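So that the names make sense, note that chain A is the first sequence line, chain B the second, and so on, each numbered from 1. Because the structure is a prediction, the values reported are computed rather than measured.
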Protein chains: 2
Amino acid sequence: MPTNSALQPSPSGAVVVLQAAVASGVSVCFANPGTTEMPLVGALDQVQGIRAILGLFEGVCTGAADGYGRMLGRPASTLLHLGPGLANGLANLHNARRARTSILNIVGDHASWHLKYDAPLTSDIESLARPVSAWYRSVARAEHLWQDTLDGIHAAFAAPGGVATLVVPVDFQQRAAPDQLRADALPAPAPAFDEARVGEVEDALKSGRAVVLLLGDRALSERGQLAAGRIAATTGARLFSETFPARTERGGGLPDIDRLPYFPEAAIAGLKDAVVVLAGALAPVAYFGYEGLPSELASVDQLVTLALPGEAADLALERLAERLNAPPLPTLPATALYSVPDGPLTPQAIGRLLSNALPPEAIVSVEGGTCGYPFVTASARAAHHTILTNTGGAIGQGLPVALGAAVACPERRVFALQSDGSAQYTIQALWTMARERLPVVMLIASNRRYGILQTELGRNGIEPGQQARRLTLLDDPPFDWPALAQGYGVPALIASTTEELRRALTQALQHTDGPLLIEMRLA
Amino acid sequence: MPTNSALQPSPSGAVVVLQAAVASGVSVCFANPGTTEMPLVGALDQVQGIRAILGLFEGVCTGAADGYGRMLGRPASTLLHLGPGLANGLANLHNARRARTSILNIVGDHASWHLKYDAPLTSDIESLARPVSAWYRSVARAEHLWQDTLDGIHAAFAAPGGVATLVVPVDFQQRAAPDQLRADALPAPAPAFDEARVGEVEDALKSGRAVVLLLGDRALSERGQLAAGRIAATTGARLFSETFPARTERGGGLPDIDRLPYFPEAAIAGLKDAVVVLAGALAPVAYFGYEGLPSELASVDQLVTLALPGEAADLALERLAERLNAPPLPTLPATALYSVPDGPLTPQAIGRLLSNALPPEAIVSVEGGTCGYPFVTASARAAHHTILTNTGGAIGQGLPVALGAAVACPERRVFALQSDGSAQYTIQALWTMARERLPVVMLIASNRRYGILQTELGRNGIEPGQQARRLTLLDDPPFDWPALAQGYGVPALIASTTEELRRALTQALQHTDGPLLIEMRLA
């Protein structure tokens, strides 16, 4: 019988929300739903073009959406269960906020008429969501579902990008949702830059003063880095990357750009007396405040802004290079392998071995101090790759971000270089990687302690007693990483020497039908 | 050399906070600290009488503080790292809020002078904390540290009990904290009841109308239940417990009190046409709103309040029994064993086998629908035990609550009867149990699915397509529970039949030097 569309019932609100999301380019939903999201769960099979991926814990979903968004520049959606489900996802939304990643963060809620009864799962979702959200709205009328979803995605895209939290009460999901004003989805805005600022930076570079270009956001794209390299070669300006960039390209002959040091003493020394040009980066501040050290790593009168985060810092750098008549960089040198002697595993050896092993266009999610810095130092000589770091300091983002990047870029190999302590916060990511057959290689730096806390106790002048010391140790019992991996259906290898890690990395690259974990037992 | 106390330096702010906490009866700190909590970490060795217990994830710490507080009636403290650390602990603080558990929730923050620079880990902690906190304060002056801590603990104790969030900027922790007005810690207030309300309930019971006593909070203590049993026997009133009590005593001859059913149809039927007496319980509302069903399970004009949560509902019930001249209950029957035939594991068989196996004064943390109801139904015939349930619906509380209960009551055996899906949210609890050698017996109901979601899809009239169905399944890959347990240093057993579970429970009871996990493979 032919279908008469005029006689078809109105779609449900849940279908409208997903249709609006798909129309705006959302094609993945990282979900951990509950009772109040069932109509949206059902609608995932009614709306073409959106893939549902289950996480066992909400922080896996939000971190994956962050990794996905960083790689593709368009939002994934989440699907979370009321206030408590959102709460479990907040830490990685905090990181996404600092990375300025576009995310459509969908939270189901009680039926609108049920909220006033303060049932057990009721809570103040707005208060929970606001600190991480660039935009927040709880759907108030069925007729607004399409526009509310579009508004959220548009806000997530708006410079500099962010988390849009859309709360959808279950009654609006369930019921037929007629009378939508179906406005067209808007394209993501194209970033621009301010020519006048380029002139100001040109003047600074010609002033004879020492200049540092601090690169963040789009300045760390391939185009941005190549332009910055030309500027540095021509003017003698020094280049730094933000300490924790959301995304940076590296290797394949790109200029070897140091990260601004983490501890304020070294960062201040690196910026001292220079004009500091902010290219997609914010004014640099200390990660933590330390008595006797300033929070501002450069004084306000040192700063000149070339482009704000979200603006086209890469194009601004190209324009600047052009105005300076900076010649193209010499032909990119071939990537070079490190010679790593046989012996125990040190962070430096790990960084170099991973750098050697990276196939072209790899993605490396880096979390944790132990191996992160040595790897980034080494990887300037690797094949071209993309590095994703922990932008907001909420640990437990490395594995979920790797997961999301692997969903976003199935044609690229993804590595997670991960400290053992921080891996535990969202360990459930392993299961989703196994379920989705994502060939992520997880490299766990197993040193059985919170190394950063031992350092920070020392910086605080604290001689730890028994309880304090024990709060920094993870050795009683030690994690059995291969067993944990097996628990989630992930094969694992152990490497205790450089030779073992070299072999394990070779094996890992041949393993293409799912994740693999390598426990790197540090000396 | 003799010490002259007059010449001693002032203690640090961190020491003052812990001294005030200890003076108020806080003796345990469930901690997952970071850089901004280092002075408090150091102070844990300088202040006598407080034990630090490390969690790998903040939800383990907050859930453990909840379980501890439910058992001892006095607060544990937490120690969490800034906004993101708090965020990871919020879901179980939501449950603690619904359980009205007293908790001193300590959150470190950036140095007060560093906050305005909006460093990566900066966030709006107050906005995150308010929805779960009965009391919130960020320390504003070093001189207030003692009083702020006392105020927080007093607020946590104030009826009906709750979470007090105390934010301590690291500079106030670090510096010497002189000039404290060291007021004495106040004792926890003694709960009372209102005699006039007892009279109103007596009138209702004598009116000839059907009466239901709905018991919550202190009405579910042993005294409360015995008094309620006397009233029921004398007047014919029907007894229900809240559906999800924070703590209830059971077995050992206590009256067999049904829980108010979870789904609203059955709950409404159970309360229909009766006077509903609220004894430590709130007016009953539906867990979720369902189209066509009321949110209020009893109408307002059915309700009579005997005692509010936090009031002495148990003493009010005793007074009522006295006014009714209700005789003591007949001698308590001996506990009775169920005969469970050999065969596959069903939820009913599991409930009965666990009921049979409980040693006197066991504590059972119950989370998950699959086995929770059948166990509680069965356990009226068990030896006397205490049941702790999930009060707020944020899943991932069962294992941490068991952990906290085991810390609180080292002389009692603790069981966690736990669904597999919900166990995953705070799976890191296993490690802390192993580290602290807590003899918790974890019974994982392994049915490899989110059973409640399959039920709720059906209630929503959704015929699940491929994506929706997959969002309810945990079978690809299945969790390897013994491997996960081994990963955290916990021995494990598998039971697939009633006979295997009987043997596993016997083994578990002999295992007293640490946790043990039993994977119960459901038919």
Side-chain angles (χ1 to χ4, degrees), chain A residues 31 33 35-36 38-39 41-42 44-45 52 54 56-57 83-84 87-88 90-91 94 98 110-111 113-114 117 119-121 123-124 127-128 130-131 285-289 295 391-394 424-425 428 434-435 456-457 460 462 464-468 471 476-477 479-480 483-484 486-487 489, chain B residues 31 33 35-36 38-39 41-42 44-45 52 54 56-57 83-84 87-88 90-91 94 98 110-111 113-114 117 119-121 123-124 127-128 130-131 285-289 295 391-394 424-425 428 434-435 456-457 460 462 464-468 471 476-477 479-480 483-484 486-487 489:
Chain A
T35 298
T36 47
M38 284 302 108
V41 167
L44 286 162
D45 289 302
L54 178 62
L56 297 176
F57 173 72
N88 279 334
L90 285 172
H94 170 89
R98 293 295 182 188
H110 281 302
W113 44 267
H114 188 61
Y117 300 103
L121 273 162
S123 64
D124 184 345
S127 188
L128 296 171
R130 285 279 181 202
V285 299
Y287 207 84
F288 292 110
S295 294
T391 46
Q424 283 298 338
Y425 289 73
Q428 306 91 341
R435 178 173 164 103
E456 293 283 358
L457 278 171
N460 272 272
I462 296 167
Q466 197 186 344
Q467 296 212 89
L471 285 176
D476 178 23
F479 307 132
D480 183 336
L484 281 179
Q486 182 186 328
Chain B
T35 298
T36 47
M38 284 303 108
V41 167
L44 285 162
D45 289 302
L54 178 60
L56 297 175
F57 173 73
N88 280 334
L90 285 172
H94 170 88
R98 292 296 182 187
H110 281 302
W113 44 267
H114 189 60
Y117 300 103
L121 272 162
S123 63
D124 184 344
S127 187
L128 295 172
R130 285 279 182 202
V285 300
Y287 208 84
F288 291 110
S295 294
T391 46
Q424 283 297 336
Y425 288 73
Q428 306 91 340
R435 178 172 164 102
E456 293 284 358
L457 278 171
N460 272 272
I462 296 167
Q466 199 186 344
Q467 296 212 91
L471 286 176
D476 177 23
F479 307 134
D480 182 337
L484 280 178
Q486 182 187 329

Work out which heavy atom in [X] is nearest to a heavy atom in [Y]; give both atom names and the distance.
| X | Y | result |
| --- | --- | --- |
| Gly487(A) | Ala483(B) | N-CB, 3.7 Å |
| Ala119(A) | Ala286(B) | CB-O, 3.5 Å |
| Ala434(A) | Pro477(B) | CB-CG, 3.9 Å |
| Phe57(A) | Phe57(B) | CZ-CZ, 3.4 Å |
| Leu56(A) | Phe479(B) | CD1-CE2, 3.5 Å |

Which answer fits [X], side chain, backbone, both or neither, if we ask what part of it has an atom under 4.5 Å from a heavy atom of chain A?
| X | value |
| --- | --- |
| Asp476(B) | both |
| Val41(B) | both |
| Ile462(B) | side chain |

Under a 4.5 Å heavy-atom cutoff, which of [options] has the most pairs with chain A?
| options | result |
| --- | --- |
| Gly393(B), Gly489(B), Gly465(B), Ser127(B) | Ser127(B) |
| Val285(B), Asn460(B), Asp480(B) | Asp480(B) |
| Arg435(B), Arg130(B), His110(B), Gln486(B) | Arg435(B) |

Enter the distance from [X]:[atom1] to [Y]:[atom2] here, rounded to the nearest 0.5 Å.
| X | Y | atom1 | atom2 | result |
| --- | --- | --- | --- | --- |
| Asp124(B) | Leu128(A) | CG | CG | 11.0 Å |
| Arg98(B) | Leu121(A) | CZ | CG | 8.0 Å |
| Phe288(A) | His114(B) | CZ | NE2 | 8.0 Å |
| Ser123(B) | His94(A) | OG | NE2 | 5.5 Å |

Between the main-chain N or O of [Y] and the side-chain N or O of [X], is there a donor-acceptor pair closer than 3.5 Å?
| X | Y | result |
| --- | --- | --- |
| Gln428(A) | Gln424(B) | yes |
| Asp45(A) | Ala468(B) | yes |
| Gln467(A) | Ala52(B) | yes |

> Leu44(B) versus Leu471(A): any side-chain heavy-atom pair under 4.5 Å?
Replying inline: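 Result yes, sub-4.5 Å side-chain heavy-atom pair found.
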>> Taking every non-hydrogen pair under 4.5 Å, which of Gly289(A), Pro84(A), Pro464(A) racks up the most with chain B?
In response: Gly289(A)
>> I'd like to know which of Ala91(A), Ala87(A), Gly392(A), Pro33(A) tops the heavy-atom pair count under 4.5 Å against chain B.
In response: Gly392(A)
> When you look at Asn88(B) and Asn88(A), which way does the side chain to side chain contact (heavy atoms under 4.5 Å, CB included) test go after all the steps?
Replying inline: CA-CA 6 Å; Asn88(B) 280 334; Asn88(A) 279 334; 5.9 Å; no
